[in-house]
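This report concerns only the one structure given below.
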Amino acid sequence: MISYIFSWFERRIDVFKSREFSFDTDVAFRNLLLFVRSEKKHFIVLLLLGSIAGLLDVTLFLVIGWIVDLLISNKPNDLLLEHGTSLIAIGFVVVVLRPCVTILMSLVGEQTIQANFSPVIRWLVHQRIMSQSIDFFQKEFSGNIASKTWQSGQAAAEIVGSLLQIVWSNVVFAASVIALFGWLDWRLGLAIVTWIVLFIVIARIFIPMTRNRSRASAEASNTVNGHLVDTYSNIQTVKLFTDNPTDDAFLRGSLENFISRSKWFLRAVTSARASMSILSSSVLAIIGFISLRLWMGGDLSAGQVAVIFGLILRLDGQLNVLLGLLTNLFRSYGTFQSSISMAIKPVALLDRADATEMKVPSGRVVFNHVSFGYRENTPIFDDLSFTIEPGEKVGLIGYSGAGKSTIVNLLVRFYDTQAGSIGIDGQDIRDVSQSSLRRHIGLVAQDTTLLHRSIRDNIGIGKSDAGLADIMEAARKAHAYDFIQTLVDGHGRQGFDAHVGERGLQLSGGQRQRISIARLMLKNPPILILDEATSALDAKLDVDIQNNLYGMMEGKTVLAIAHRLSTLLRMDRLIVLDKGRLVETGTHEELVSRGGVYAELWHKQFHGGVIDQTAV
């Protein structure tokens, strides 16, 4: 039964349901409100429960005062006879109603909101981040992105949970105290109002200071985290080239900056608490003096004085807790600002509102007067045009920096052209969704990295509905099956269940490349891009896999890049680039006979005594 109750409240929010959510690109707080509105009914319930809890707290203090007066004015034997019904009602409130409200607050606040709200935000932020262009990821630390994505949910949940569960009930409690004291005597009401006003003044002075310093501290923390992940991800380079890997001056500098900003933030915290302590002590003494004078004058009963002292001590504790909580809230808000600032960056490369699904009946690729440069006024291409016919196998050749990889980046739409267009079967790739475009293109890159998941997951990522038998068959075609069967990871997982480590570094370069080829063979798209697809393989494996690749190429449109020109001899046609221009096109024999750029590259590789791998 208890498990069912927990489960019922936990299921009130579906983390992964589809949500129409548009990030506000100006103010972090608006994004927080948008998150709250997406599940507003649960927050309204929590507000109502918090209001009841605050009113019950004040009511209990009034009851205590009433009981004190009863004890003074009644004989023990008459107490139950005359006031038994009232005492039973009070017992019901204390024993049943108050615990029920507290339990419901906890169930809604913890099981419904806390358990699900931060994952909802993390999921939405992750989806937003994944819609960003490749350029976004190249300019950010991957560790910084991951840290901010995680912190965004944690910080937002802390802010909202604290505001609704603690701050709101405290506000209701304080308002009730003001009303009660004003009813007892205007001087008591004035003292409480003055106390609250001065508390707000102190908060108004220190909270913005705390918020700004907290954001700076959070930014410094994320920078440290980014540097740590960057260092660990490139540990081989660090160990090989750093004089003392344990004392990284770059990392040490960012850590010192974090320590400095943290101290700056904590000074504001201490100053706020000191100011509040002085204020509270002064107001407590003043209210105590007024209460005693009123009792001495017969304007207050002993029970009422007991209520006043109990309430002001409780309010003092609540305000101190509230100040500390507000400090933590704005620390969390600073973290949220820092985290969400990444998510609210405009997405540089978006699908059009009327984007359609790409259809590839034949696979004709056309670059039509394309101009592009990664930086302004530094063009890679200027008016580049060429066509790859359906089923044609084209090799792309040129010196390093000629623009071969840029053509690949543009074709899969990692970047948009600045002029001209790229079309597939008559469809401008900017008019179709990015996901449907890439669904029809398979790429094996020279620098193959894998996800830190199982071999099965890494091969199957290109075809989510593939079974294990399909994955195994793709591995056989890529000549990866045998070595996969021998794999055992650090947790004892074997074969296709073995995990490959971060970026697949537990495997050799050739093994990673064969996994990538298996992934391509499983996906089996109509357009293939082979960017040094077999560069990490030995000669025998290269020949075997090339034969399998050529079998898979049958009837497909193929764009291949290779340093070893011999691997491109079986292409239908070769395109030669030089400094972003298409300078030659034709078969191997035609280009060698012309004596141009291709003939020069061919001569350097096979007649110059040295194969220049950087030349193409």
Side-chain angles (χ1 to χ4, degrees), residues 18-23 25 124 126-138 343-376 379-394 396 403-445 461-464 520 523-531 555-561 575 577 580 582:
S18 179
R19 288 175 172 83
E20 293 296 327
F21 190 88
S22 298
F23 284 84
T25 55
L124 289 170
H126 167 71
Q127 290 179 313
R128 169 78 173 193
I129 295 300
M130 290 302 291
S131 69
Q132 292 284 3
S133 65
I134 290 293
D135 190 57
F136 170 86
F137 291 93
Q138 291 174 341
I344 63 179
K345 286 182 179 179
V347 178
L349 201 138
L350 286 167
D351 287 341
R352 290 179 175 172
D354 58 348
T356 58
E357 290 289 296
M358 167 72 78
K359 294 179 175 60
V360 185
S362 59
R364 188 171 190 263
V365 176
V366 178
F367 275 63
N368 184 32
H369 300 289
V370 169
S371 296
F372 174 77
Y374 293 105
R375 292 182 297 276
E376 193 175 354
I380 304 294
F381 302 125
D382 186 13
D383 199 34
L384 174 70
S385 296
F386 65 87
T387 299
I388 306 176
E389 297 297 338
E392 187 178 21
K393 302 167 186 61
V394 172
L396 197 58
K404 302 184 296 297
S405 295
T406 301
I407 284 178
V408 174
N409 287 338
L410 292 174
L411 182 55
V412 297
R413 206 183 165 208
F414 283 160
Y415 299 89
D416 272 337
T417 60
Q418 286 145 5
S421 64
I422 301 171
I424 297 177
D425 284 341
Q427 303 156 93
D428 190 323
I429 64 172
R430 291 169 297 189
D431 294 335
V432 301
S433 67
Q434 296 174 60
S435 59
S436 70
L437 166 68
R438 293 164 193 157
R439 198 179 304 130
H440 290 89
I441 298 175
L443 169 65
V444 178
I461 193 172
K463 193 175 182 183
S464 58
L520 177 70
K523 184 178 180 181
N524 196 26
I527 299 173
L528 305 179
I529 301 174
L530 308 175
D531 186 357
K556 300 181 187 299
T557 302
V558 179
L559 181 64
I561 302 170
I575 291 176
L577 298 175
L582 193 158

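Not one N or O on the side chain of Q427 forms a donor-acceptor pair closer than 3.5 Å with the backbone of M358. In terms of modelled atom types and a separation under 3.5 Å, the side chain of S371 and the main chain of D383 share a donor-acceptor contact. In this structure, the side chain of R364 does not engage the main chain of G423 through any donor-acceptor pair within 3.5 Å. Looking only at distances, no side-chain donor or acceptor of T557 sits under 3.5 Å from a matching main-chain atom of I527. For K523 (side chain) and I441 (main-chain N/O), a donor-acceptor pair under 3.5 Å exists by modelled atom type.
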Show, in sequence, the C-alpha distance, side-chain angles and deciding distance for I407 and F381, and conclude whether the side-chain contact (heavy atoms from CB on, under 4.5 Å) test is met.
CA-CA 9 Å; I407 284 178; F381 302 125; 3.4 Å; yes
Begin with the C-alpha distance, continue with both residues' side-chain angles, and end with the deciding distance and a verdict on side-chain contact (heavy atoms from CB on, under 4.5 Å) for E389 and V365.
CA-CA 7 Å; E389 297 297 338; V365 176; over 6 Å; no
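For the atom pair CG of D354 and OG1 of T356, the computed distance is 8.0 Å after rounding to the nearest 0.5 Å. Atom CD1 of I424 sits about 13.5 Å away from atom NZ of K359, to the nearest 0.5 Å. To the nearest 0.5 Å, atoms CD1 (I529) and OG (S405) are separated by 10.5 Å. The distance from atom CG of D416 to atom CG of L350, rounded to the nearest 0.5 Å, is 9.5 Å. Note that CG of L443 and CG of L528 are 10.0 Å apart. Values are rounded to the nearest 0.5 Å. Here the NZ-CD1 distance, from K404 to I380, works out to 11.5 Å after rounding to the nearest 0.5 Å.
Listed here is the closest heavy atom pair of L530 and V558: CD1-CG1, 4.3 Å. Considering every non-hydrogen atom in both K393 and G391, the closest pair reads NZ-O, 3.6 Å.
Residues L396 and L559 are in side-chain contact: their nearest non-hydrogen atoms beyond the backbone lie under 4.5 Å apart. The closest side-chain heavy-atom distance from V412 to L437 is not below 4.5 Å. In this structure, I422 and N368 have side chains that are not in contact, with every pair of non-hydrogen atoms separated by 4.5 Å or more. You'll find the side chain of F414 reaches within 4.5 Å of the side chain of R438, heavy atoms only. Looking at P525 and L520, their side chains come closer than 4.5 Å, going by heavy atoms from C-beta outward. Side-chain contact between L349 and I134 is absent, with no heavy-atom pair separated by less than 4.5 Å. Side-chain contact between R413 and D351 is present, with heavy atoms from C-beta onward closer than 4.5 Å. Put simply, the side chain of V432 does not reach to within 4.5 Å of the side chain of E357, judged on heavy atoms.
At a cut-off of 3.5 Å, with distance as the only test, a side-chain donor of N524 or K556 sits close to an acceptor on the other residue. Y415 and T406 are not linked by any side-chain donor-acceptor pair at a separation below 3.5 angstrom, with hydrogens and angles left out of the test. There is a side-chain donor-acceptor pair under 3.5 Å between S362 and D425.
Note: F367 and F386 have parallel aromatic rings, judged against thresholds of 30 and 60 degrees for the angle between ring planes.
By the 4.0 Å N-to-carboxylate-O rule, R352 lies too far from D428 to be salt-bridged with it.
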